[in-house]
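Heavy-atom basis, side chains included; hydrogens, waters and symmetry copies ignored. Naming: A, B, ... by sequence-line order, numbering from 1 per chain.
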Amino acid sequence: SQQGEEDPQALSIQEGENATMNCSYKTSINNLQWYRQNSGRGLVHLILIRSNEREKHSGRLRVTLDTSKKSSSLLITASRAADTASYFCATVTNTNAGKSTFGDGTTLTVKP
Amino acid sequence: GAVVSQHPSWVICKSGTSVKIECRSLDFQATTMFWYRQFPKQSLMLMATSNEGSKATYEQGVEKDKFLINHASLTLSTLTVTSAHPEDSSFYICRAGTSGRPSSEYNEQFFGPGTRLTVL
């Protein structure tokens, strides 16, 4: 099974609202990354948080990591219609040159 | 920054033919390449991991004789889908990794833009 599991699977909000997506994983990690994917397109790397970090910010993005609960969250503030996409978390382990596995993803729809 | 390219970006082929997908790291040495497959509306599933000069390690359920992976140089890995069938239609994405760094320095793993394969 996938290492990461996102929650919720689908999220629909109005423009301007905040969107929160959660990711849980099972084993120890080196870092966790969040990606965005527009329909039918490749992946866009959003943010990386290392296992010794608890929170990171990048523009309107805020990522938290709780290694004791093996979970992470991605918060998008003041959402825009252009944020509509699928969001995946990917965990990177310490072994095998950073092999990573992906969660199932959260499909975010931001209505204008 | 590091860039990974894939070629072709999309391909349509007839059932039974073989298709080769190339993944290149353009400005760094990729000691490890990861190949993923993504079916519509699903997540990325790791297919195999290849280290330069070694045989690839395939994930459970992935047929190594059907998905041939070659990682002959530090900048190029290829995935060949042999005797492709419609069920192989998918989005294939490579990711280049740089081993040899301290474990605390696993940088952003760079993904190729993906190749969309459609088998008729």
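Within a 6.0 Å radius of CZ in A:R60, other residues, nucleotides and ligands contribute more than 12 heavy atoms. The number of heavy atoms from other shown groups lying within 6.0 Å of NE2 (B:H7) does not exceed 12. Atom CZ of A:R54 is surrounded by more than 12 heavy atoms from other residues, nucleotides or ligands within 6.0 Å. Other residues, nucleotides and ligands contribute more than 12 heavy atoms inside 6.0 Å of the CD atom of A:E53. Atom NZ of B:K66 is surrounded by more than 12 heavy atoms from other residues, nucleotides or ligands within 6.0 Å.
For A:F102 and B:F111, the ring centers are positioned less than 6.0 Å apart.
Separating the OG1 atom in A:T107 from the NZ atom in B:K41 is a distance of 7.5 Å, to the nearest 0.5 Å. In this structure, the separation between CD on B:Q38 and OG on A:S86 is 8.0 Å, given to the nearest 0.5 Å.
Residues A:Q37 and B:F91 share a closest heavy-atom pair of NE2-CE2, 3.8 Å.
Checking side-chain atoms of B:S43 against main-chain N and O of A:G103 turns up a donor-acceptor pair under 3.5 Å.
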